[in-house]
Amino acid sequence: MLLKKKGNTVYRGKIMEKEKKYEPSLIEEKWRRIWEEKKINYTDVNTTKKKYYCLDMFPYPSGSGLHVGHWRGYVLSDVWARYMRLQGYHVLHPMGWDSFGLPAENDAIKKGIHPKISTRNNIDNIRRQLKEIGAMYDWTKEINTSDPEYYKWTQWIFLQMFHKGLAYRAEMPINWCPNCKTGLANEEVINGNCERCGTSVTKKRLMQWMLKITAYAERLLNDLDRLDWPEKVKIMQKNWIGKSEGASIIFKIVNESCLDLEVFTTRADTLFGATYVVIAPEHPLIFKITTPEKIQEVKKYVEEATTKSELERTHLLHEKTGVFTGAYAINPVNGKKVPIWVADYVLAHYGSGAIMSVPAHDQRDFEFAKKFGLPVIEVIHSDNAIRNDDGSLAAAYEGPGILINSGQFNGIESEKAKYLITKWLEENKMGTFKTTYRLRDWVFSRQRYWGEPIPIVYCDKCGIVPVREKDLPVVLPDVESYKPTGTGKSPLAAIPEFVNTKCPQCSGHATRETDTMPQWAGSSWYFLRYPNPDLKTAAFDRKIVDRWLPVDCYIGGVEHAILHLLYARFFTKFLYDIGAIGFDEPFLKLFNQGMVTKFSEKTGKLEKMSKSKGNVVNPDPLVKKYGTDTVRLYELFIGPPELDSEWNDSGIEGCYRFLKKAWNFVIQQVEKNSETDIDSKKRLHLLIKRVTERINEFKLNTAISAFMEFMKDLPDNCCFSRQDIEKFIILISPFAPHFAEELWQEFLGHSDTVFNAKWPDVQQQIISEETITLPVQVDGKVRATVSVEKTANSEEILKKAIESVSKFIQGKDIVKKIYIPGKIISIVTQKK
RNA sequence: GCCGGAGUGGUGGAACUGGCAGACGCGCUGGACUCAAAAUCCAGUGGGCGCAAGUCCGUGAGGGUUCAAAUCCCUCCUCCGGCACCA
C-alpha cells in the first residue's frame, strides 16, 4: 500500500511498522559490518564444492588512495565473483598488497617517513577505501609482500632457482636510472625512459643477479595458445619474446683462423651479398681482432657508444656510425674476404652480437654501406626493387625474389634458398639452423633498500653461498638511512651488522649480498599464497594450490601485459618443473578492464585518471551522496568494461534514480502480496535471460540497461509474487549488494544472506512467443511490420507481407521475395 | 615504420551470426503535482522539407559486394595503445 506522506514514498511492511524509503547511508555500513561479523566472505579452502578463483591484480599501497578509476576493476571483479557464488561455486576472492618496490619507497622518501611506517599507513588507508566498495574479499587471506613471513618464501623461490642454475651473477652494462638510482630490467625501460619516473635511462656496468627467463622463452611463447586471454596481450607477449628463426653462420677471421665470428641472420639466402661484417661495440672479440693501427680509433668509438643512453642509441640517433677494425673475415659460402666493422646499430645482446651485412637487401646495411662507401651486391632479383636511373638500387630490396650472383644457388626462389644455403652450411660445418629470441634474461638486482634481500652470502673461502633455507628469511634491517646511494650499491651495504655474517658452509667470515629484489618478485607468485596465507612450513600447500589454481579469472589493467604477467608465468613454470605445483600456467582467463579517463586541464586532452594529470575523481563524496551501490552501478554503466570510458559525474543520477525505483517496486509488490500475472512473468524471465547472458559475456553495462528497461516498461497494474520478487533481488544482488541484502533480510525476513541463494533459472517456455512481429522491406526500405503465427509457413507469411505493403508496390513488378525466418521479409520490385 | 583498438545524435553509449540504426542513461523541451522550489511522475527529443499523413538524408571519407551493410571487402583520414636499428 502506497501512501503519500510529506512527499516521501513509504511502505508498511510485515516486519516493521515504520516508514521507509531507500536510504543507502542507513544500510550500507550496517551490512558491511554484519558480513564481516558473520564471516560470509570466508572461503574454506578445504571445501569439496566446485571452486572458483577470481583474482584482482593486487595494488601497491600508494599514498594517494583510490579514485573512481581504481574502483572500476574492483567492482567488475566483485560482480563476477558474487555472480559465480550465486551460480553455486565456492569462490575465492582475496586481496593483498604489493608493498615492496620503488613506488612505495619513493613515496616514503618524499614524505620523509620510513617505508615500513608509510607502507603500513597506506595499506590501512587503502584497505578502508576498498572496504567501502563493498566487495566480498576474504580479508582473512590478506597478504603483504613486504611481510617477512611472506618474503621468506620469495627468497626461498629465489634459492630454488639458484640451485637449478637459473639465478646467476653477471657483470654487464645494465639500464640505470640516475633518478631512482637503481638498475632496471629491460621491461622497465619505456622508450628509453624509466618506467617509474620518466628519467632518461643510462648504462652502468654492474655485477648483477640475473634470472634465466630465456630458458623458458619457447614455452612462454607456445603456451600462450592455451590461454583465454585478450588477443592483444598475447600478441604483446609474443612480440616481446620475439622468436626469430634463421641461421647462425661462422665467418673465419683472416690471419686468426682459430677465431670464429658467429653471425645470426634470418636471410641466409642473401649470404652471397654479404659485403662486410659488423660487430657490436660490446662484442667480446673486438680487441682481439682489431689491428694495432686501428686500435685507438676503435677504442674511442667503443667508449662513446657504450656511454650513450639507451634513448640516444635506440630512438634518436638513427644516423649510422661505425669504424673499421682493420680485420677481415671470410664469407664461408664463397671464400671472399670482407672487412669487419664496429657499429652501434648492431646490438650486443641480440643474436650473437654480430651480423653479416647485405646492403642490397637490408635497409640499415644499405644506409651504412652508402655512408662508408662499402660495396653493394644484389643477390635477389625482383622487378619490385626501387632503382635509380642508372639501374642501381635506390633502397635495399627486402622482399622475396630469385637468387642471382649466388653461384650454385642462382635461379632458386629466395624462400627456398634460405633453407638450402643453411643446409649447405650445416653440411660443411660452417653454420647451423638457429632460433633466437628477443627476450633477455631478467636483471634481478636493485640497488635499493625497500625490497627482499637476496639470500646469498659471499665467503672468502667458499665463494658464492646460498643462505640455508632454515635461516630464511634474511630480514630487511631497520635503518635510519634508507635513501639510495647512487654509487651502485644498495643502502644495505652501509650497515655492517647486516653485511657481516658467517658462511653457512665453513662458518668463516662472509658478507651478505646487499642488493634487493625488484618489485616484480613478490607479485610473481602471490596468487599461490592466498589459499594458504598463514602456512608456516612452506610457501604453499601443494594439495591446496593444486585444487584452487590456476586462477580461473584474473582481472586487472592492461599495463601489466608484459612485465608482471610474463614474470608470473615464468615463476609458475619453474615451480611446476621442480614439482612444487601441478600446473604450469597461473591464469586461465584474463580480463583487462579499460581505463577511466577524464579531460585534464593540465594537458588539454582526455587522459587516464591520475594524480599527476590533475583529473582524478574522488569516490568519497559520491558514496556519501548516493551510496556505494549507486557508484558501483555507474562504474559499470559508464561503458563496455574492456574499453576506456570517460567519467562524467552527471550520469550517476540515472543509476541512483533507478535504484530508488527498483526499491519502491520491490516494496510495492511485496505489499500487494499477489500472484504473478502472465505478462509480468514473461517480463521477469526475459530479464533473467538477458542479465544472465550479459554477465556471462562481461557486458555489464548492458546488463544494467536490461534492469532499467525492465523497470521502465512495467505497466502500472503489474503483479509479482513474493517468490518472483526474490528472484529479482537475487538478480540485482551482484551489482548492488547492500541494496539487495537489505531487501532480502530486513524486508523479506530471510535469516541468511542473499549471497547464499541460488541464481534463478530462465523458464524458456514462458518467454517463447507464439506470434512474432516481422519488418517488411520494399527495395531495402522498411515499409510495414506484420504479426504472424510462429507456426505459419512462408507462403502465408509472404502473402500477408505483400498485402501490408501493397501501397508501395502498386504499379511495380515483384522480382524477388525473400523471407528470412524469424527475421525479416524483403520484397524487391522493378518498374513495369 | 610495424602490430593492435576505436571513430554512431547535444552527450556516455546500444544493435545477435549481414536483417526495423540510435536501446538504456545524461542533458534539453513541454506538461502534471506545488503558494513556490526541490524531488517525483507523464510526454517529446538524429537532421532536412512539410500544417499534416508523410518523405528524403543519415553510423569518420570514398568506392564495392548484397534483396539488405554501423556490421563483409578495397582505398584513405583521424584518435588512442603497444613495439620499434632485434639482423
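Everything quoted here is computed from the prediction, not taken from an experiment. Letters go in sequence order (proteins before strands), and every chain restarts at 1.
Whole-Å rounding puts the A:Phe658 CZ to B:C41 P distance at 13 Å. Taking atom CH2 of residue A:Trp240 and atom C1' of nucleotide B:G4, one finds them 17 Å apart after rounding to whole Å. Rounded to an integer number of Å, the gap from A:Glu262 CD to B:A87 P is 15 Å. One can place CG of A:Asp644 at 13 Å from C1' of B:G4, the figure rounded to the nearest angstrom. Rounded to whole angstrom, the span from the OH atom of A:Tyr437 across to the P atom of B:C83 amounts to 21 Å. As a whole-Å value, the separation of A:Ile825 CD1 from B:C20 P is 13 Å. Here the P atom of nucleotide B:C2 and the CZ atom of A:Arg438 are 18 Å apart, to the nearest Å.
Base pairing annotation: B:G4 forms a Watson-Crick or G-U wobble pair with B:C80, both donor-acceptor distances under 3.5 Å. Under the Watson-Crick and G-U wobble criteria, each requiring two contacts below 3.5 Å, nucleotide B:G44 is paired to B:C28. Base-pair partner of B:A70: not found among the strands shown (Watson-Crick or G-U wobble, both distances under 3.5 Å). The partner of B:G54 is B:C49, by the rule that a Watson-Crick or G-U pair needs both atom distances under 3.5 Å. Nucleotide B:A87 has no partner under the Watson-Crick or G-U criteria, as no pair reaches both atom distances under 3.5 Å. Under the Watson-Crick or G-U wobble criterion, with both distances below 3.5 Å, B:G9 has no partner in any strand shown. The partner of B:A15, taking Watson-Crick or G-U wobble pairs whose two distances both stay under 3.5 Å, does not exist in any strand shown.
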When you look at A:Thr321 and A:Tyr301, which way does the side chain to side chain donor-acceptor pair (under 3.5 Å) test go after all the steps? CA-CA 9 Å; A:Thr321 60; A:Tyr301 181 77; 2.7 Å; yes

side-chain contact (heavy atoms from CB on, under 4.5 Å) evaluation trace for A:Thr432 with A:Leu425: CA-CA 7 Å; A:Thr432 50; A:Leu425 287 165; over 6 Å; no

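Judged purely by distance below 3.5 Å, without hydrogens or angles, the side chains of A:Asp779 and A:Thr829 pair a donor atom with an acceptor atom. When only modelled atom types and interatomic distance are considered, A:Tyr437 and A:Thr214 share no side-chain donor-acceptor pair under 3.5 Å. Remark: the A:Tyr345 side chain and the A:Glu367 side chain contain no N/O donor-acceptor pair separated by less than 3.5 Å.
The cationic group of A:Arg632 does not satisfy the cation-pi geometry with A:Trp71, failing either the under 6.0 Å distance to the six-membered ring centre or the 45° limit from the ring axis.
Using a 4.0 Å heavy-atom criterion, one finds that A:Ile638 contacts the sugar-phosphate atoms exclusively. The residue A:Ile820 sits close to a base: some heavy atom pair falls under 4.0 Å. A:Arg783 comes within 4.0 angstrom of sugar-phosphate atoms only, judged by non-hydrogen atoms across all strands, and of no base. The residue A:Asn701 sits close only to the backbone: its heavy atoms come under 4.0 Å of sugar-phosphate atoms, none of a base.
Annotation: B:U75 and B:U65 have their C1' atoms spaced 15 Å apart (nearest Å).
Counting distance only, with no hydrogens placed and no angle test, the side-chain atoms of A:Gln777 and the base atoms of B:G19 include a donor-acceptor pair under 3.5 Å.
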Dump every N/O contact between nucleotides 24-27 of chain B and the protein below 3.5 Å, one line per pair.
residue : atom : partner  : partner atom : Å
B:G25   : OP2  : A:Lys712 : NZ           : 3.1
B:C26   : OP1  : A:Arg657 : NH1          : 2.4
B:C26   : O2'  : A:Ser650 : OG           : 3.1

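Pairs engaging residues 683-698 of chain A under the salt bridge (Lys or Arg N to Asp or Glu O under 4.0 Å) rule: A:Asp679-A:Arg683, A:Lys689-A:Glu693, A:Glu697-A:Lys699 [sequence neighbours left out].
Checking B:A87, B:C67, B:G12 against the side-chain heavy atoms of A:Val828 singles out B:C67 as nearest. If you check B:G13, B:C3, B:G19 against the side chain of A:Pro640, the one that comes closest is B:G13. Among B:G13, B:A87, B:C67, the nucleotide with an atom closest to any side-chain atom of A:Phe264 is B:A87. Residue A:Thr785 places its side chain closer to B:C20 than to any other of B:A14, B:G81, B:C20.
Mapping A:Leu774 and A:Ser645 onto RNA chain B via the closest heavy atom, the residue that lands nearer the 5' end is A:Ser645. Two residues, A:Asp362 and A:Lys823, neighbour RNA chain B, and the one matched to the more 5' nucleotide by heavy-atom proximity is A:Lys823.
The shortest distance between the side-chain N/O atoms of A:Lys660 and the OP1/OP2 oxygens of B:U40 is below 4.0 Å. Between A:Lys816 and B:C67 there is a side-chain polar atom (N or O) within less than 4.0 angstrom of OP1 or OP2.
A:Tyr634 pairs with exactly one of A:Tyr656, A:Phe735, A:Trp647, A:Phe658 by the ring-ring contact (aromatic ring centres under 6.0 Å, His included) rule, that one being A:Trp647. Considering A:Phe728, A:Phe707, A:Tyr22 in turn, A:Tyr22 is the only one that fulfils the ring-ring contact (aromatic ring centres under 6.0 Å, His included) rule with A:Phe739.
Nucleotide B:G50 carries an anti base; the chi torsion (O4'-C1'-N9-C4 or O4'-C1'-N1-C2) is more than 90° from 0.
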